[in-house]
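Every chain is numbered from 1, with letters handed out A, B, ... down the list of sequences.
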Number of protein chains: 2
Amino acid sequence: MSSESILEAISQRRSQSLTALVRDELERLILSGELRGGERLNEAALASRLGVSRGPVREAVRLLERDGLATSVINQGAFVRQVSIEEASELYDLRAVVVGYACGRLAERITHEEEHELEVLVDAMDEAAENEAPEDYYSLNLTFHDRIMEVSACPRSTLLYRSIVKEAHLFRRRALTSADAMRESNAEHRRIVASLKRRDAEAAREAAERHHISGKRRWLRTMD
Amino acid sequence: MSSESILEAISQRRSQSLTALVRDELERLILSGELRGGERLNEAALASRLGVSRGPVREAVRLLERDGLATSVINQGAFVRQVSIEEASELYDLRAVVVGYACGRLAERITHEEEHELEVLVDAMDEAAENEAPEDYYSLNLTFHDRIMEVSACPRSTLLYRSIVKEAHLFRRRALTSADAMRESNAEHRRIVASLKRRDAEAAREAAERHHISGKRRWLRTMD
DNA sequence: GGCACGAAGATTGTCAACAACATGCAGTCT
DNA sequence: AGACTGCATGTTGTTGACAATCTTCGTGCC
């Protein structure tokens, strides 16, 4: 082992507890689908698989509960959370109102640099749409919205937003993104940015909220 | 010990883990102010005080983190969350948009029984306002809003609402409720119920959101 | 007097063992 | 045959001990 990786391991060890490391790994397993919805989280099995004892695993599972990624029943253990279509639908709505709120706030304080940053992302998404590159579009879209939340200076809303995104991800047969859907979605992004540039809080809120409601509609269309 | 209390103890023991019991107790201590904001949660001290070992205490603290009542730093322990005025302000806003959303949904599905139930509560609050009984008003007000969330059939929003209420409670020098403020607040309650009775989703949402924004304004007035 | 250093105490992080509980199965009784 | 009882096994709940880390306080030096 090289000395750098030793140092890295030590510094990781200092800044992160085993609980946190286990939590991250479990989150990865769940969000990637390796652990499926409803599947039982066997403490002993996970502990030996990750090379730790059951204590950190138990605490990590409690943290996952916090994020709505797992649920546990007394004396029966923890299970990967299953998100029904009704719940996913409500999560879309909640995300819409939370993002709407944050965008309204952001319109009152956005800087020129931040505007530019968002415009660059929207342009990139246009390109991804033209190239019919849904993977790229998907990832840029996540960045765009996360960045909006971050610069909105609404820390609690940002945390909530991220939590909702993760939770919704549990349902997501990822919306298959046709070129049309991408173009439609990005046109809405442009409307959001335009409202932000005009410093029009009410319009920004409406545009953001409608965008997410439209997203929900596009998602619902892929269901039947 | 009577046989009933034995059965009770057994059923409690079965339905609740020590972790859950500790969690409830800690939540009580925090929300009642016995444990103050910023105060350190000493695992060993709490464990011996509650007659359990450190394990359940640690897990309970993780659960409190979920609800935003505690924060923990690696190798330094957990602390009772301190909510700044800025955070409390954002929590008011978030609550407003979440409740607004739920009220909009509720307008589309409320039953006559539920309408009646809400009207009874509003009448009771009028009485409390006239009697200048802020304690009664406060408690009725909590019931009113919680009931609205419950019958709105938006389970995730209801959970979120309750979490926000608890978190905001951490700040609350409880808004001193003058008779005027109570009357003003209850007039807004009547507008919410009226919109619900008309099955007017948009109006219900607006009325609920505005009510919470007004509440925030009344709260801010008591700050200076 | 103020600051760096180090040791002692206190506190958290982790672990492995034990106890309590749930599940599945075989055997028995009606 | 069906239902119930009791046991065997695996899993979760809880505990106390040990290791690692942080904090505090006293000492010595500048």
Side-chain angles (χ1 to χ4, degrees), chain A residues 6-27 29-30 35-66 69-81, chain B residues 1 5-27 29-30 35-66 69-81:
Chain A
I6 289 178
L7 289 176
E8 198 179 324
I10 289 178
S11 80
Q12 281 216 346
R13 194 65 180 51
R14 291 217 165 166
S15 60
Q16 292 214 309
S17 64
L18 277 186
T19 297
L21 293 172
V22 171
R23 199 211 82 91
D24 290 348
E25 177 63 7
L26 287 181
E27 178 178 311
L29 289 173
I30 292 175
L35 291 172
R36 301 205 169 170
E39 193 166 336
R40 180 182 197 151
L41 296 171
N42 186 310
E43 292 176 5
L46 290 169
S48 76
R49 175 173 174 178
L50 301 175
V52 299
S53 77
R54 282 175 52 220
V57 171
R58 285 178 64 86
E59 291 185 22
V61 167
R62 294 281 182 267
L63 289 175
L64 290 176
E65 274 188 272
R66 165 178 66 178
L69 265 44
T71 56
S72 62
V73 182
I74 181 152
N75 286 330
Q76 289 186 21
F79 302 84
V80 178
R81 165 103 182 274
Chain B
M1 192 188 271
S5 64
I6 290 177
L7 289 177
E8 199 177 325
I10 288 177
S11 80
Q12 279 216 345
R13 194 64 182 54
R14 292 218 164 161
S15 61
Q16 293 217 304
S17 64
L18 278 186
T19 297
L21 293 172
V22 171
R23 199 211 82 91
D24 290 348
E25 177 63 7
L26 288 181
E27 177 177 312
L29 289 173
I30 291 175
L35 291 172
R36 299 205 172 170
E39 193 165 337
R40 181 183 198 149
L41 295 170
N42 185 309
E43 293 176 3
L46 290 170
S48 77
R49 175 172 175 181
L50 301 175
V52 299
S53 74
R54 281 175 51 220
V57 172
R58 286 177 64 87
E59 290 186 23
V61 167
R62 291 279 137 76
L63 289 175
L64 290 176
E65 274 188 90
R66 167 178 65 181
L69 297 182
T71 56
S72 60
V73 181
I74 180 145
N75 285 331
Q76 290 185 22
F79 302 84
V80 178
R81 165 102 182 275

List, one per line, each side-chain donor-acceptor pair under 3.5 Å for residues 45-55 of chain A, sequence neighbours excluded.
from     : atom 1 : to       : atom 2 : distance (Å)
Ser48(A) : OG     : Ala45(A) : O      : 3.2
Arg54(A) : NE     : Glu43(A) : OE1    : 3.1
Arg54(A) : NH2    : Glu43(A) : OE1    : 2.9

Nearest-nucleotide pick for Pro56(B), side chain only, options being dT12(D), dT15(D), dC15(C): dT15(D)

Side-chain heavy-atom pair Arg66(B), Leu63(B) within 4.5 angstrom cut-off: yes

Which residues share a side-chain contact (heavy atoms from CB on, under 4.5 Å) with Arg81(A), sequence neighbours left out: Thr71(A), Val83(A), Glu87(A), Glu167(A), Leu170(A)

Candidates dC15(C), dT12(D), dT14(D) - which lies nearest the side chain of Thr19(B): dT14(D)

Among Val80(B), Leu35(B), Leu41(B), side chain to side chain contact (heavy atoms under 4.5 Å, CB included) partner for Leu29(B): Leu35(B)

First encountered from the 5' end of DNA chain D, between Glu59(B) and Arg54(B): Glu59(B)

Glu43(B) side chain, from C-beta outward: closest of dT15(D), dA22(C), dG13(C): dG13(C)

Touch class at under 4.0 angstrom, heavy-atom based, for Gly77(A) against every strand present: sugar-phosphate

Residue Ser53(B), side-chain heavy atoms: nucleotide from dA22(C), dT12(C), dG16(D) that is nearest: dG16(D)

Nearest-nucleotide comparison on DNA chain D, the residue closer to the 5′ end among Ala78(A) and Gly51(B): Ala78(A)

Among dG13(D), dT12(C), dA22(C), the nucleotide that comes nearest once only the side chain of Gln76(A) is considered: dA22(C)

